[in-house]
Novice: 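Just passing along the structure, written as C-alpha coordinates.
Below, each value reflects all heavy atoms present in this structure, side chains not excepted, and no hydrogens, waters or symmetry copies. Residue numbers begin at 1 in each chain, while the letters A, B, ... track the order of the sequences. The model shown is predicted, which means the values in this text are computed figures rather than measured ones.
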Amino acid sequence: MSIENIVATVTLEQQLDLYAMERSVPNVEYDPDQFPGLIFRLESPKVTSLIFKSGKMVVTGAKSTEELIKSVKRIIKTLKKYGIKITGKPKIQIQNIVASANMHVHVNLDKAAFLLENNMYEPEQFPGLIFRMDDPRVVLLIFSSGKMVITGAKREEEVYKAVKKIFDKLNELDCIRQIEEEEEELEI
Amino acid sequence: RWRKWQIRARIQSSIDRNLAQAMNELERIGNLLGLPKSVKDEAALIYRKAVEKGLVRGRSIESVVAASIYASCRRIKIARTLDEIAQYTKANRKEVARCYRLLLRELDVEVPVSDPKDYVTRIGSLLGLSGASMKSAAEILEKAKNVGLTAGKDPAGLAAAAIYIAALTNDERRTQKEIAQVAGVTEVTVRNRYKELIQELKIEIQNQ
DNA sequence: GCTTTAAAAAGTAATAT
DNA sequence: ATATTACTTTTCAAAGC
(Lines give C-alpha, C1' and ligand atoms only; values in the text may rest on other atoms or scores of the structure.)
Protein backbone atom coordinates (compact mmCIF):
# COMPACT_ATOMS: atom_id res chain seq x y z
CA MET A 1 0.00 0.00 0.00
CA SER A 2 1.38 3.39 -0.85
CA ILE A 3 0.29 6.95 -0.54
CA GLU A 4 0.36 8.59 -3.95
CA ASN A 5 -0.77 12.10 -3.25
CA ILE A 6 -1.71 14.35 -0.36
CA VAL A 7 -3.74 17.52 -0.85
CA ALA A 8 -3.47 20.04 1.96
CA THR A 9 -4.43 23.60 2.71
CA VAL A 10 -1.99 25.98 4.39
CA THR A 11 -3.17 29.12 6.15
CA LEU A 12 -0.72 31.98 6.56
CA GLU A 13 -3.12 34.46 8.23
CA GLN A 14 -1.93 37.41 6.12
CA GLN A 15 -2.71 38.98 2.77
CA LEU A 16 -0.33 38.38 -0.11
CA ASP A 17 0.45 40.47 -3.17
CA LEU A 18 0.35 37.92 -5.96
CA TYR A 19 1.37 40.46 -8.59
CA ALA A 20 4.52 41.25 -6.62
CA MET A 21 5.20 37.54 -6.26
CA GLU A 22 4.80 36.96 -9.96
CA ARG A 23 7.41 39.66 -10.62
CA SER A 24 10.00 38.57 -8.06
CA VAL A 25 9.66 34.81 -7.75
CA PRO A 26 10.90 32.78 -10.74
CA ASN A 27 8.98 29.94 -12.37
CA VAL A 28 5.52 30.89 -11.18
CA GLU A 29 2.35 31.06 -13.24
CA TYR A 30 -0.25 33.68 -12.52
CA ASP A 31 -3.22 34.42 -14.73
CA PRO A 32 -6.05 35.80 -12.57
CA ASP A 33 -8.46 35.66 -15.49
CA GLN A 34 -7.93 31.94 -15.76
CA PHE A 35 -7.62 31.09 -12.08
CA PRO A 36 -7.40 33.24 -8.93
CA GLY A 37 -4.45 31.33 -7.52
CA LEU A 38 -0.75 31.71 -8.34
CA ILE A 39 0.91 28.42 -9.27
CA PHE A 40 4.25 27.69 -7.66
CA ARG A 41 6.16 24.47 -8.29
CA LEU A 42 8.79 23.22 -5.86
CA GLU A 43 11.41 20.95 -7.37
CA SER A 44 12.22 19.00 -4.22
CA PRO A 45 10.09 17.61 -2.76
CA LYS A 46 8.18 17.72 -6.03
CA VAL A 47 4.96 19.44 -5.07
CA THR A 48 2.80 22.16 -6.55
CA SER A 49 1.27 24.97 -4.60
CA LEU A 50 -1.65 27.22 -5.44
CA ILE A 51 -1.21 30.48 -3.58
CA PHE A 52 -4.11 32.88 -3.01
CA LYS A 53 -4.15 36.53 -2.07
CA SER A 54 -5.93 35.70 1.18
CA GLY A 55 -2.76 34.00 2.37
CA LYS A 56 -4.28 30.56 1.99
CA MET A 57 -2.64 27.98 -0.20
CA VAL A 58 -3.24 24.48 -1.50
CA VAL A 59 -0.28 22.11 -1.67
CA THR A 60 -0.57 18.99 -3.81
CA GLY A 61 1.74 16.16 -4.76
CA ALA A 62 3.32 15.19 -1.44
CA LYS A 63 3.67 11.45 -0.82
CA SER A 64 3.88 11.58 2.96
CA THR A 65 3.09 13.88 5.86
CA GLU A 66 6.80 14.43 6.43
CA GLU A 67 7.27 15.39 2.80
CA LEU A 68 4.30 17.74 3.03
CA ILE A 69 5.71 19.55 6.08
CA LYS A 70 9.14 19.80 4.50
CA SER A 71 7.54 21.17 1.32
CA VAL A 72 5.62 23.87 3.15
CA LYS A 73 8.79 24.97 4.96
CA ARG A 74 10.71 25.13 1.70
CA ILE A 75 7.98 27.00 -0.12
CA ILE A 76 7.94 29.66 2.59
CA LYS A 77 11.73 29.78 2.66
CA THR A 78 11.81 30.29 -1.09
CA LEU A 79 9.22 33.06 -0.97
CA LYS A 80 11.19 34.81 1.77
CA LYS A 81 14.37 34.45 -0.27
CA TYR A 82 12.76 36.48 -3.04
CA GLY A 83 11.70 39.21 -0.68
CA ILE A 84 8.14 38.19 0.15
CA LYS A 85 7.44 39.03 3.78
CA ILE A 86 5.84 36.19 5.67
CA THR A 87 5.02 36.47 9.34
CA GLY A 88 3.72 33.84 11.71
CA LYS A 89 3.68 30.11 11.33
CA PRO A 90 1.64 28.25 8.72
CA LYS A 91 -1.32 26.10 9.74
CA ILE A 92 -1.35 22.90 7.69
CA GLN A 93 -4.51 20.81 7.20
CA ILE A 94 -4.63 17.60 5.18
CA GLN A 95 -7.75 17.63 3.01
CA ASN A 96 -7.40 14.50 0.95
CA ILE A 97 -5.16 11.47 0.79
CA VAL A 98 -4.98 9.36 -2.36
CA ALA A 99 -3.42 5.92 -2.06
CA SER A 100 -3.08 2.75 -4.11
CA ALA A 101 -3.00 -0.83 -2.92
CA ASN A 102 -2.71 -4.32 -4.33
CA MET A 103 -4.65 -7.27 -2.96
CA HIS A 104 -2.84 -9.67 -5.32
CA VAL A 105 -6.07 -11.45 -6.27
CA HIS A 106 -8.46 -11.36 -9.17
CA VAL A 107 -11.75 -9.62 -8.44
CA ASN A 108 -15.06 -10.63 -9.99
CA LEU A 109 -16.39 -7.13 -10.60
CA ASP A 110 -19.72 -8.30 -12.02
CA LYS A 111 -20.47 -10.20 -8.83
CA ALA A 112 -19.17 -7.40 -6.62
CA ALA A 113 -21.35 -4.88 -8.44
CA PHE A 114 -24.36 -7.07 -7.78
CA LEU A 115 -23.63 -7.74 -4.12
CA LEU A 116 -22.06 -4.53 -2.85
CA GLU A 117 -24.22 -1.56 -1.88
CA ASN A 118 -23.33 2.00 -2.96
CA ASN A 119 -21.29 0.94 -5.92
CA MET A 120 -21.11 1.93 -9.51
CA TYR A 121 -19.61 -0.29 -12.19
CA GLU A 122 -19.87 0.88 -15.76
CA PRO A 123 -17.14 -0.82 -17.80
CA GLU A 124 -18.04 1.07 -20.97
CA GLN A 125 -17.08 4.22 -19.15
CA PHE A 126 -14.38 3.23 -16.68
CA PRO A 127 -12.74 -0.15 -15.92
CA GLY A 128 -12.90 0.17 -12.15
CA LEU A 129 -15.78 -0.44 -9.77
CA ILE A 130 -16.45 2.67 -7.71
CA PHE A 131 -17.35 1.90 -4.12
CA ARG A 132 -18.39 4.54 -1.62
CA MET A 133 -17.58 3.33 1.88
CA ASP A 134 -19.44 4.85 4.83
CA ASP A 135 -16.89 4.13 7.54
CA PRO A 136 -14.25 5.24 7.01
CA ARG A 137 -15.78 7.73 4.60
CA VAL A 138 -13.67 7.11 1.51
CA VAL A 139 -14.16 6.13 -2.10
CA LEU A 140 -12.41 3.11 -3.56
CA LEU A 141 -11.80 2.35 -7.22
CA ILE A 142 -11.49 -1.42 -7.43
CA PHE A 143 -10.00 -3.12 -10.48
CA SER A 144 -10.21 -6.72 -11.65
CA SER A 145 -6.45 -7.04 -11.15
CA GLY A 146 -6.91 -6.64 -7.42
CA LYS A 147 -5.28 -3.24 -7.47
CA MET A 148 -7.20 -0.27 -6.19
CA VAL A 149 -7.21 3.43 -5.49
CA ILE A 150 -8.41 4.82 -2.17
CA THR A 151 -9.31 8.50 -2.09
CA GLY A 152 -11.13 10.97 0.11
CA ALA A 153 -9.30 10.00 3.32
CA LYS A 154 -8.19 12.68 5.76
CA ARG A 155 -5.94 10.44 7.84
CA GLU A 156 -3.54 7.70 6.83
CA GLU A 157 -5.22 5.33 9.23
CA GLU A 158 -8.49 5.57 7.31
CA VAL A 159 -6.73 4.23 4.24
CA TYR A 160 -5.48 1.12 6.04
CA LYS A 161 -8.88 0.57 7.60
CA ALA A 162 -10.65 0.89 4.25
CA VAL A 163 -8.30 -1.51 2.49
CA LYS A 164 -8.71 -4.17 5.16
CA LYS A 165 -12.45 -3.70 5.23
CA ILE A 166 -12.97 -3.99 1.49
CA PHE A 167 -10.70 -7.01 1.26
CA ASP A 168 -12.65 -8.79 4.00
CA LYS A 169 -15.93 -7.80 2.41
CA LEU A 170 -15.00 -9.02 -1.06
CA ASN A 171 -13.79 -12.23 0.54
CA GLU A 172 -17.06 -12.70 2.41
CA LEU A 173 -19.04 -12.13 -0.77
CA ASP A 174 -16.81 -14.59 -2.61
CA CYS A 175 -15.78 -12.07 -5.23
CA ILE A 176 -12.11 -12.93 -5.01
CA ARG A 177 -10.08 -15.53 -6.83
CA GLN A 178 -6.43 -16.30 -6.21
CA ILE A 179 -4.12 -15.59 -9.09
CA GLU A 180 -0.71 -16.93 -9.91
CA GLU A 181 1.64 -14.01 -9.72
CA GLU A 182 5.14 -14.44 -11.05
CA GLU A 183 6.89 -11.57 -9.43
CA GLU A 184 5.92 -11.06 -5.84
CA GLU A 185 7.49 -7.84 -4.84
CA LEU A 186 8.12 -7.65 -1.15
CA GLU A 187 6.74 -4.65 0.56
CA ILE A 188 5.95 -3.47 4.04
CA ARG B 1 -56.40 27.37 1.61
CA TRP B 2 -56.73 29.00 -1.75
CA ARG B 3 -53.12 30.03 -1.76
CA LYS B 4 -51.98 26.48 -1.01
CA TRP B 5 -54.16 25.14 -3.79
CA GLN B 6 -52.80 27.72 -6.17
CA ILE B 7 -49.18 26.84 -5.34
CA ARG B 8 -49.88 23.17 -5.78
CA ALA B 9 -51.62 23.80 -9.08
CA ARG B 10 -48.75 25.94 -10.28
CA ILE B 11 -46.19 23.28 -9.40
CA GLN B 12 -48.30 20.64 -11.08
CA SER B 13 -48.65 22.67 -14.23
CA SER B 14 -44.91 23.30 -14.26
CA ILE B 15 -44.28 19.56 -14.03
CA ASP B 16 -46.87 18.99 -16.76
CA ARG B 17 -45.24 21.49 -19.07
CA ASN B 18 -41.82 19.97 -18.43
CA LEU B 19 -43.18 16.49 -19.08
CA ALA B 20 -44.90 17.53 -22.28
CA GLN B 21 -41.68 18.97 -23.65
CA ALA B 22 -39.68 15.99 -22.44
CA MET B 23 -42.04 13.51 -24.09
CA ASN B 24 -41.55 15.27 -27.42
CA GLU B 25 -37.79 15.01 -27.00
CA LEU B 26 -38.09 11.39 -25.94
CA GLU B 27 -40.16 10.57 -28.98
CA ARG B 28 -37.73 12.38 -31.29
CA ILE B 29 -34.54 10.80 -29.94
CA GLY B 30 -36.18 7.41 -29.52
CA ASN B 31 -37.27 7.36 -33.14
CA LEU B 32 -33.88 8.50 -34.40
CA LEU B 33 -32.37 5.57 -32.51
CA GLY B 34 -35.03 3.21 -33.78
CA LEU B 35 -36.04 2.14 -30.30
CA PRO B 36 -39.10 -0.03 -29.63
CA LYS B 37 -42.08 1.39 -27.76
CA SER B 38 -41.23 -0.62 -24.65
CA VAL B 39 -37.93 1.23 -24.28
CA LYS B 40 -39.55 4.62 -24.83
CA ASP B 41 -42.27 3.84 -22.29
CA GLU B 42 -39.73 2.73 -19.71
CA ALA B 43 -37.65 5.86 -20.35
CA ALA B 44 -40.77 7.99 -19.90
CA LEU B 45 -41.40 6.33 -16.55
CA ILE B 46 -37.85 7.02 -15.41
CA TYR B 47 -38.01 10.61 -16.59
CA ARG B 48 -41.29 11.17 -14.76
CA LYS B 49 -39.67 9.99 -11.53
CA ALA B 50 -36.76 12.34 -12.12
CA VAL B 51 -38.99 15.38 -12.65
CA GLU B 52 -41.08 14.55 -9.60
CA LYS B 53 -37.90 14.40 -7.51
CA GLY B 54 -36.77 17.72 -8.94
CA LEU B 55 -33.67 16.25 -10.53
CA VAL B 56 -34.12 18.20 -13.75
CA ARG B 57 -33.57 21.59 -12.06
CA GLY B 58 -30.46 23.24 -13.38
CA ARG B 59 -30.06 20.67 -16.10
CA SER B 60 -31.31 20.56 -19.63
CA ILE B 61 -34.43 18.48 -20.25
CA GLU B 62 -32.68 16.97 -23.23
CA SER B 63 -29.75 15.61 -21.23
CA VAL B 64 -32.00 14.04 -18.62
CA VAL B 65 -34.19 12.56 -21.35
CA ALA B 66 -31.10 11.09 -23.00
CA ALA B 67 -29.94 9.67 -19.67
CA SER B 68 -33.41 8.17 -19.11
CA ILE B 69 -33.28 6.55 -22.53
CA TYR B 70 -29.86 5.11 -21.79
CA ALA B 71 -31.05 3.72 -18.44
CA SER B 72 -34.10 2.25 -20.17
CA CYS B 73 -31.98 0.59 -22.87
CA ARG B 74 -29.79 -0.92 -20.20
CA ARG B 75 -32.77 -2.24 -18.25
CA ILE B 76 -34.42 -3.75 -21.31
CA LYS B 77 -31.07 -4.92 -22.63
CA ILE B 78 -31.18 -3.05 -25.90
CA ALA B 79 -27.53 -2.37 -26.72
CA ARG B 80 -26.93 1.33 -27.28
CA THR B 81 -23.86 3.29 -26.28
CA LEU B 82 -24.00 6.59 -24.47
CA ASP B 83 -22.35 8.19 -27.50
CA GLU B 84 -25.06 6.96 -29.86
CA ILE B 85 -27.73 8.51 -27.67
CA ALA B 86 -25.83 11.72 -26.94
CA GLN B 87 -25.23 12.41 -30.64
CA TYR B 88 -28.87 13.41 -31.06
CA THR B 89 -28.71 15.98 -28.28
CA LYS B 90 -26.95 19.32 -27.96
CA ALA B 91 -25.24 18.00 -24.84
CA ASN B 92 -22.05 15.96 -25.01
CA ARG B 93 -21.47 12.44 -23.73
CA LYS B 94 -20.01 13.73 -20.49
CA GLU B 95 -23.10 15.71 -19.58
CA VAL B 96 -25.46 12.83 -20.41
CA ALA B 97 -23.24 10.50 -18.37
CA ARG B 98 -23.46 12.92 -15.45
CA CYS B 99 -27.25 12.87 -15.63
CA TYR B 100 -27.28 9.10 -15.92
CA ARG B 101 -25.19 8.78 -12.73
CA LEU B 102 -27.59 11.15 -11.03
CA LEU B 103 -30.54 8.94 -11.99
CA LEU B 104 -28.76 5.89 -10.63
CA ARG B 105 -27.99 7.56 -7.33
CA GLU B 106 -31.19 9.47 -6.72
CA LEU B 107 -33.89 7.22 -8.14
CA ASP B 108 -34.40 3.57 -7.36
CA VAL B 109 -33.88 2.53 -10.94
CA GLU B 110 -31.89 -0.64 -10.95
CA VAL B 111 -29.68 -1.11 -13.95
CA PRO B 112 -27.93 -4.42 -14.51
CA VAL B 113 -24.27 -4.46 -15.48
CA SER B 114 -24.17 -4.41 -19.26
CA ASP B 115 -23.59 -7.76 -20.88
CA PRO B 116 -21.34 -7.96 -23.96
CA LYS B 117 -23.75 -10.57 -25.36
CA ASP B 118 -26.38 -7.86 -25.76
CA TYR B 119 -24.13 -6.15 -28.28
CA VAL B 120 -23.72 -9.31 -30.33
CA THR B 121 -27.23 -9.28 -31.75
CA ARG B 122 -26.99 -5.65 -32.81
CA ILE B 123 -23.49 -5.78 -34.26
CA GLY B 124 -24.24 -9.14 -35.90
CA SER B 125 -27.43 -8.03 -37.58
CA LEU B 126 -25.89 -4.75 -38.76
CA LEU B 127 -23.22 -6.86 -40.44
CA GLY B 128 -25.76 -9.32 -41.81
CA LEU B 129 -24.27 -12.29 -40.04
CA SER B 130 -26.01 -15.63 -39.57
CA GLY B 131 -27.62 -16.71 -36.34
CA ALA B 132 -25.00 -19.42 -36.05
CA SER B 133 -22.20 -16.88 -35.96
CA MET B 134 -23.96 -14.79 -33.39
CA LYS B 135 -24.56 -17.86 -31.30
CA SER B 136 -20.91 -18.85 -31.36
CA ALA B 137 -19.88 -15.28 -30.53
CA ALA B 138 -22.12 -15.46 -27.48
CA GLU B 139 -20.52 -18.75 -26.50
CA ILE B 140 -17.05 -17.24 -26.75
CA LEU B 141 -18.16 -14.39 -24.51
CA GLU B 142 -19.63 -16.80 -21.99
CA LYS B 143 -16.33 -18.67 -21.76
CA ALA B 144 -14.44 -15.40 -21.49
CA LYS B 145 -16.64 -14.28 -18.64
CA ASN B 146 -16.15 -17.56 -16.79
CA VAL B 147 -12.39 -17.19 -16.80
CA GLY B 148 -12.61 -13.58 -15.69
CA LEU B 149 -11.45 -12.09 -18.97
CA THR B 150 -14.26 -9.59 -19.35
CA ALA B 151 -14.01 -7.63 -16.08
CA GLY B 152 -13.35 -3.94 -16.65
CA LYS B 153 -13.45 -4.18 -20.43
CA ASP B 154 -15.79 -2.32 -22.73
CA PRO B 155 -18.60 -4.74 -23.63
CA ALA B 156 -18.78 -3.32 -27.16
CA GLY B 157 -15.10 -4.12 -27.74
CA LEU B 158 -15.49 -7.61 -26.33
CA ALA B 159 -18.53 -8.29 -28.47
CA ALA B 160 -16.76 -6.95 -31.55
CA ALA B 161 -13.79 -9.28 -31.03
CA ALA B 162 -16.02 -12.28 -30.33
CA ILE B 163 -17.95 -11.57 -33.52
CA TYR B 164 -14.73 -11.24 -35.48
CA ILE B 165 -13.65 -14.69 -34.31
CA ALA B 166 -17.10 -16.24 -34.77
CA ALA B 167 -17.48 -14.86 -38.29
CA LEU B 168 -14.02 -16.14 -39.21
CA THR B 169 -14.71 -19.66 -37.99
CA ASN B 170 -18.12 -19.69 -39.67
CA ASP B 171 -16.76 -18.63 -43.07
CA GLU B 172 -18.47 -15.26 -42.95
CA ARG B 173 -15.34 -13.20 -42.50
CA ARG B 174 -15.72 -9.49 -41.85
CA THR B 175 -12.77 -7.16 -41.51
CA GLN B 176 -11.82 -5.71 -38.15
CA LYS B 177 -12.47 -2.31 -39.67
CA GLU B 178 -16.06 -3.15 -40.59
CA ILE B 179 -16.76 -4.61 -37.18
CA ALA B 180 -15.06 -1.78 -35.30
CA GLN B 181 -17.16 0.75 -37.16
CA VAL B 182 -20.55 -0.75 -36.35
CA ALA B 183 -19.47 -1.57 -32.79
CA GLY B 184 -18.37 1.99 -32.14
CA VAL B 185 -14.83 1.12 -31.06
CA THR B 186 -11.46 1.43 -32.77
CA GLU B 187 -9.71 -1.28 -34.76
CA VAL B 188 -6.98 -1.32 -32.14
CA THR B 189 -9.49 -2.26 -29.47
CA VAL B 190 -10.96 -5.05 -31.60
CA ARG B 191 -7.44 -6.34 -32.24
CA ASN B 192 -6.43 -6.20 -28.59
CA ARG B 193 -9.54 -8.04 -27.42
CA TYR B 194 -9.19 -10.52 -30.27
CA LYS B 195 -5.60 -11.36 -29.35
CA GLU B 196 -6.50 -11.81 -25.73
CA LEU B 197 -9.51 -14.00 -26.45
CA ILE B 198 -7.75 -16.42 -28.82
CA GLN B 199 -4.76 -16.65 -26.50
CA GLU B 200 -6.57 -17.13 -23.19
CA LEU B 201 -9.36 -19.31 -24.56
CA LYS B 202 -6.92 -21.21 -26.80
CA ILE B 203 -8.98 -20.71 -29.91
CA GLU B 204 -7.34 -22.01 -33.07
CA ILE B 205 -7.48 -19.71 -36.07
CA GLN B 206 -6.44 -21.44 -39.29
CA ASN B 207 -6.41 -18.46 -41.63
CA GLN B 208 -3.65 -15.95 -41.92
C1' DG C 1 -21.38 24.29 -11.76
C1' DC C 2 -16.81 25.97 -13.73
C1' DT C 3 -11.84 27.34 -13.58
C1' DT C 4 -6.50 24.90 -11.52
C1' DT C 5 -3.34 21.43 -9.16
C1' DA C 6 -1.75 16.22 -8.13
C1' DA C 7 -1.95 11.23 -8.14
C1' DA C 8 -3.03 6.14 -8.89
C1' DA C 9 -5.69 2.44 -11.19
C1' DA C 10 -6.79 -0.10 -16.51
C1' DG C 11 -9.08 0.67 -20.62
C1' DT C 12 -9.71 3.10 -24.80
C1' DA C 13 -8.68 6.78 -28.21
C1' DA C 14 -5.87 9.77 -30.96
C1' DT C 15 -1.63 10.67 -32.96
C1' DA C 16 3.25 9.61 -34.03
C1' DT C 17 6.76 6.70 -35.97
C1' DA D 1 1.31 -2.03 -37.00
C1' DT D 2 3.09 -0.58 -32.61
C1' DA D 3 4.54 3.16 -29.44
C1' DT D 4 3.58 7.36 -27.07
C1' DT D 5 0.66 10.59 -25.23
C1' DA D 6 -3.78 11.78 -23.56
C1' DC D 7 -8.15 11.22 -21.83
C1' DT D 8 -11.97 8.50 -18.84
C1' DT D 9 -13.12 7.97 -13.05
C1' DT D 10 -12.61 9.51 -7.89
C1' DT D 11 -11.22 12.94 -4.09
C1' DC D 12 -10.23 17.93 -2.03
C1' DA D 13 -9.19 22.71 -0.91
C1' DA D 14 -8.50 27.50 -2.45
C1' DA D 15 -11.50 32.64 -4.68
C1' DG D 16 -14.31 34.12 -8.10
C1' DC D 17 -17.43 34.00 -11.86
Novice: Measure from the ring center of A:Tyr121 to the ring center of A:Phe114 and say whether it is less than 6.0 Å.
Specialist: no
Novice: If the sugar-phosphate is the primed atoms plus P, OP1 and OP2 and the base is the rest, what is the B/S/- string for nucleotides 11-17 of chain C, using protein heavy atoms under 4.0 Å?
Specialist: SSSS---
Novice: Please confirm whether the backbone N or O of B:Thr150 pairs with a side-chain atom of B:Lys145, one donor and one acceptor, at under 3.5 Å?
Specialist: no
Novice: Between atom CZ in B:Arg191 and atom P in D:dA3, what is the gap in whole Å?
Specialist: 12 Å
Novice: List, by chain and number, the other hydrophobic cluster members for B:Trp5, where Ile, Leu, Val, Met, Phe, Trp and Tyr join if side-chain heavy atoms come within less than 4.5 Å, directly or indirectly.
Specialist: B:Trp2
Novice: Distance between the P atoms of D:dA3 and C:dA8, in whole angstroms?
Specialist: 22 Å
Novice: Quick one: A:Ile150 CD1 to D:dT9 C1', roughly how many Å, whole number?
Specialist: 15 Å
Novice: Start with the C-alpha gap between B:Lys117 and B:Glu139, add the side-chain angles, then the distance that decides, and say whether salt bridge (Lys or Arg N to Asp or Glu O under 4.0 Å) holds.
Specialist: CA-CA 9 Å; B:Lys117 286 196 220 71; B:Glu139 284 165 3; over 6 Å; no
Novice: When you compare C:dC2 with D:dT8, how far apart are their P atoms, in angstrom units rounded to a whole number?
Specialist: 12 Å
Novice: Nearest nucleotide by nearest heavy atom, which residue falls closer to the 5' end of DNA chain C, A:Gln34 or B:Arg59?
Specialist: B:Arg59
Novice: Scan for salt bridge (Lys or Arg N to Asp or Glu O under 4.0 Å) pairs involving residues 21-30 of chain B, sequence neighbours excluded, and state none if there are none.
Specialist: B:Glu25-B:Arg28, B:Glu27-B:Lys40, B:Arg28-B:Glu62
Novice: Under 4.0 Å: is that the gap between some side-chain N or O of B:Arg98 and OP1 or OP2 of C:dC2?
Specialist: yes
Novice: At under 4.0 Å between heavy atoms, how does the protein contact nucleotides 10-17 of chain D? Give one character per nucleotide, 5' to 3', with B, S or -.
Specialist: BBBBBBS-
Novice: Salt bridge between B:Arg93 and B:Glu84, side-chain N to carboxylate O under 4.0 Å?
Specialist: no
Novice: How many Å lie between CZ on B:Arg57 and P on C:dG1, as a whole number?
Specialist: 15 Å
Novice: Between B:Ala151 and A:Ser144, what is the shortest heavy-atom contact and its length?
Specialist: CB-CB, 3.5 Å
Novice: Quick one: side-chain hydrogen bond (donor to acceptor under 3.5 Å, both in side chains) pairs with a partner in residues 40-58 of chain A, sequence neighbours left out?
Specialist: A:Glu29-A:Arg41
Novice: Given the C1' atoms of D:dT9 and C:dA13, what is the spacing between them in whole Å?
Specialist: 16 Å
Novice: For B:Glu106, is there an ion pair with B:Lys53 - N to carboxylate O distance below 4.0 angstrom?
Specialist: no
Novice: Should B:Arg93 be listed as having a side-chain N or O under 4.0 Å from OP1 or OP2 of D:dT8?
Specialist: no
Novice: Starting at CG of A:Leu42 and ending at P of C:dA6, how long is that distance when rounded to a whole Å?
Specialist: 13 Å
Novice: Assign each of A:Phe126 and B:Gln176 to its nearest nucleotide of DNA chain D by heavy atoms, then name whichever residue's nucleotide is nearer the 5' end.
Specialist: B:Gln176
Novice: Would you mind classifying the nucleic acid contact of B:Lys177 as base, sugar-phosphate or nothing, using non-hydrogen atoms under 4.0 angstrom?
Specialist: nothing
Novice: Considering only atom C1', compute the distance from C:dA9 to D:dT2 and round it to an integer number of Å.
Specialist: 23 Å
Novice: Whole Å only: how far is the CG atom of A:Asn119 from the C1' atom of D:dT9?
Specialist: 14 Å
Novice: Compare side-chain N and O positions of B:Lys94 against OP1 and OP2 of D:dT8 and report whether any pair is under 4.0 Å apart.
Specialist: yes
Novice: From CD1 of A:Ile94 over to P of C:dA6, roughly how many Å is that when rounded to an integer?
Specialist: 19 Å
Novice: Starting at atom CD1 of A:Ile39, determine the distance to atom P of C:dT5, rounded to an integer number of angstrom.
Specialist: 4 Å
Novice: Rounding to a whole Å, what distance do you find between B:Leu104:CG and D:dT9:P?
Specialist: 14 Å
Novice: Not counting sequence neighbours, list each pair that qualifies as a side-chain hydrogen bond (donor to acceptor under 3.5 Å, both in side chains) and has a residue in residues 67-88 of chain A.
Specialist: A:Gln14-A:Thr87
